[in-house]
Amino acid sequence: MSSRLSPFLRALMSNKKELTPKGVSQPMHYTHPHLLKPGELTPGIPSTEYAKRRKNFMESIPDHSIVLIPAAKHSYFSRKINYKFRQDASFLYLTGLQEPEGLCVLTKPKLSFSSFSPKLPKKSQNSDDFGYYLFVKARDANKELWDGPVVGEKNAKILFDAEEAWPLSKIRDIVKDLLHSNPNIYTSTLSNNWTHISSELNMENHKVKNDFDYLIQKLMVVKSRNELNLMRKSAEISSNAFAEVMRAVGSRELHSEKDIETRFEYEVKKNGAQFLSYPPVVAYGSNATTLHYGMNCAPIDFNGGLILMDAGAEVDGYTSDITRTFPASGKFTSAERDMYNFVLELNTRSIELCRPENDVTLKSIVEKTRKMVVKYLEGFGIPESDWRKYYPHDIGHYLGMDLHDCPNLHNGVTLRPGMTFTIEPGIYFPVDCEYVPPSLRGVGIRIEDDIAMTNGDPEIFSKNAPKTVEEIENVMRGQNI
């Protein structure tokens with residue numbers, strides 16, 4: 001029976017006495033069985049998947065290489081008061097470790113420990129011949145009294161499968177020595193901790209490959225079944241929160257943009273989110289024509305006007321990003337309805353294009369739907385050359401562990417099964433737009449969904465967020481969709 005256990009579970013069982021009784025710096029199955037299943041390193045993702053990710057990445061680089069991936073460091077609200085910690089996506093993707101300031105080192109081939117200090121051989125023996133090492137915070141009883149337990153070197157090997165682990169204080173001595181052999185050096189410069197690590201290792205004296213982020217994001221952009229489940233969960237929590245917000249506005253419970261933002265955050269966190277994916281946009285009236293409006297402090301007039309809400313939750317490391325536009329009064333005017341239905345048609349058509357046989361990219365979806373936008377705007381007398389003034393953003397972006405996931409991949413990459421992204425068309429008429437009637441001046445409408453590419457029809461993760469005029473008005477009247 002034990003021979004069928006994963007390496008993670010075998011290590012866990014054999015080292016149970018050595019594990020920190022109070023746990024480590026993040027939930028683990030042995031401390032939080034209500035959050036993680038046996039074998040999971042983070043909720044929904046088993047340790048075997050993290051090992052597979054490391055193997056897949058290392059197969060993409062040559063022999064005699066060293067990869068340095070810094071963890072994020074704490075950001076501070078004021079002096080010693082830090083913001084809630086959020087890990088760097090690349091570091092988390094490869095390690096599962098939710099602790100700040102660490103360093104993941106991958107080597108190809110594995111390090112040789114035959115001498116006093118580890119050495120990097122020139123050539124690997126096979127595809128499994130790569131090393132995985134961690135530098136982590138050292139155990140310190142006084143610091144742990146204030147901040148809670150850390151992983152420490154021993155648990156980094158037991159729980160996180162590192163072949164060897166050292167305290168952060170050893171980074172300079174060990175890694176600097178490895179760099180003397182002039183290996184291929186790959187590193188993530190996106191981490192907010194890279195500047196510190198770079199200075200610590202005098203990286204200006206070494207030639208660093210600049211394609212780590214591109215190589216890792218080529219893997220990250222296609223989601224595993226476990227990742228898709230987490231993104232589905234994130235979008236479902238967010239979608240249900242949108243419905244609750246609409247109900248609350250319809251019953252006149254929420255009187256300002258800030259009230260709406262607060263209710264959304266309450267709903268998603270009550271149902272399992274650890275973070276908001278980003279500061280929500282809650283834009284009433286003409287505020288919606290500012291694409292990244294963020295003040296969220298205007299009062300709501302229930303007699304009229306639209307509310308554009310762009311918000312999402314992060315659940316167990318995976319984000320959602322949804323936008324809906326709905327009437328403060330609970331009912332669209334005729335002009336608002338017509339404009340809304342056009343944006344909805346644009347949203348629907350764009351999603352329909354997301355099938356493998358269409359070979360679409362996020363960029364080509366805009367081109368394929370451009371004529372629809374131009375024709376609609378020409379109905380108001382707006383010349384074709386000005387269409388981008390009223391539809392100024394892209395159709396969407398990749399979505400995953402980060403809100404704008406995989407930023408080093410351009411929007412001309414062909415969408416294929418397993419890729420997740422947003423579809424978010426919008427039309428915005430400034431308050432001084434003389435082309436449109438007064439009833440549409442200062443009106444902005446965006447409809448955004450979270451999409452997974454499949455082998456057939458696209459999956460709409462955000463399908464539970466009311467979207468048609470009828471669904472929105474019914475929910476705002478207190479009815480079910």
Side-chain angles (χ1 to χ4, degrees), residues 27 35-37 40-46 48-50 52-53 56 86-94 96 98 216-243 264-265 267-278 280 310-324 347 350-351 354-356 362 365 395-407 409 411 413 415-424 447-465 467:
L35 296 179
L36 293 94
K37 297 176 182 177
E40 289 182 346
L41 194 53
T42 57
I45 308 290
T48 51
E49 184 160 324
Y50 285 101
K52 183 178 180 181
R53 293 172 179 180
N56 288 343
R86 186 179 187 277
Q87 187 59 279
D88 172 76
S90 296
F91 183 90
L92 181 60
Y93 182 79
L94 291 169
Q98 291 275 20
I216 193 68
Q217 288 168 27
K218 280 178 66 178
L219 299 176
M220 293 174 73
V221 76
V222 178
K223 306 299 187 285
S224 70
R225 181 180 300 177
N226 291 320
E227 290 180 294
L228 292 172
N229 286 337
L230 289 171
M231 294 196 66
R232 199 174 285 117
K233 179 180 177 182
S234 176
E236 183 177 349
I237 288 173
S238 296
S239 297
N240 292 338
F242 267 85
F264 180 84
E265 183 168 7
E267 291 293 340
V268 297
K269 289 188 173 178
K270 177 184 73 171
N271 289 295
Q274 292 81 33
F275 298 93
L276 294 176
S277 298
Y278 50 98
D310 185 335
E314 180 174 321
V315 179
D316 298 327
Y318 288 83
T319 61
S320 52
D321 181 7
I322 302 169
T323 305
R324 293 293 187 262
N347 169 278
S350 298
I351 293 173
C354 299
R355 293 179 58 90
L362 290 175
I365 291 173
I395 192 62
H397 54 81
Y398 306 118
L399 187 67
M401 296 179 78
D402 283 329
L403 174 70
H404 285 253
D405 207 36
C406 303
L409 300 186
N411 62 4
V413 174
L415 301 176
R416 59 189 189 277
M419 293 177 70
T420 51
F421 47 91
T422 65
I423 292 292
E424 49 181 303
I447 304 173
E448 178 179 19
D449 283 301
D450 297 350
I451 308 298
M453 196 80 163
T454 74
N455 289 313
D457 291 333
E459 180 178 358
I460 305 173
F461 287 153
S462 48
K463 61 182 182 296
N464 288 350
K467 188 162 74 166

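Computed from a prediction, not measured in an experiment: that's the story for all the values here. Any value given below was found using the heavy atoms of this structure, including those in side chains, with hydrogens, waters and symmetry copies removed.
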Could you give me the CA-CA distance, side-chain angles and deciding distance for Tyr93 and Tyr50, then say whether ring pair (Phe, Tyr, Trp, His ring centres under 6.0 Å) is met?
CA-CA 7 Å; Tyr93 182 79; Tyr50 285 101; 7.7 Å; no
Heavy-atom closest contact ([X] atom, [Y] atom, distance):
X	Y	result
Ala235	Asp450	CB-OD2, 4.1 Å
Leu230	Pro43	CD1-O, 3.5 Å
Ala313	Ser277	O-OG, 2.9 Å
Glu227	Val222	OE1-O, 4.1 Å

Salt-bridge present ([X], [Y]; N to O < 4.0 Å):
X	Y	result
Asp449	Lys463	no
Glu236	Arg232	no
Glu448	Arg324	no
Lys233	Asp316	yes

Between Gln274 and Gly272, is there a donor-acceptor pair closer than 3.5 Å when you use the side chain of the first and the backbone of the second?
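Side chain of Gln274 to backbone of Gly272, a donor-acceptor pair under 3.5 Å: yes, one is there.
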Can you tell me if Thr319 uses its side chain to pair, donor with acceptor, with the backbone of Gly400 under 3.5 Å?
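Yes.
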Run Cys354 and Ile365 through side chain to side chain contact (heavy atoms under 4.5 Å, CB included) and show every step you take.
CA-CA 8 Å; Cys354 299; Ile365 291 173; 3.7 Å; yes
For the residue pair Val413 and Tyr398, establish whether any side-chain heavy-atom pair is separated by less than 4.5 Å.
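Yes - at least one pair of side-chain heavy atoms lies under 4.5 Å apart.
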Heavy-atom side-chain contact between Met453 and Pro458 under 4.5 Å:
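Result no, sub-4.5 Å side-chain heavy-atom pair not found.
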Distance-only polar pair, side chains of [X] and [Y], donor-acceptor under 3.5 Å:
X	Y	answer
His404	Asp321	no
Glu267	Asn240	no
Glu49	Ser224	yes
Asp310	Thr323	yes

Would you say Lys270 has more than 12 foreign heavy atoms packed within less than 6.0 Å of its NZ?
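Enclosed.
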Considering the options His397, Gln217, Lys223, which one meets the side-chain contact (heavy atoms from CB on, under 4.5 Å) requirement together with Asp405?
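The side-chain contact (heavy atoms from CB on, under 4.5 Å) with Asp405 is passed solely by Lys223 among His397, Gln217, Lys223.
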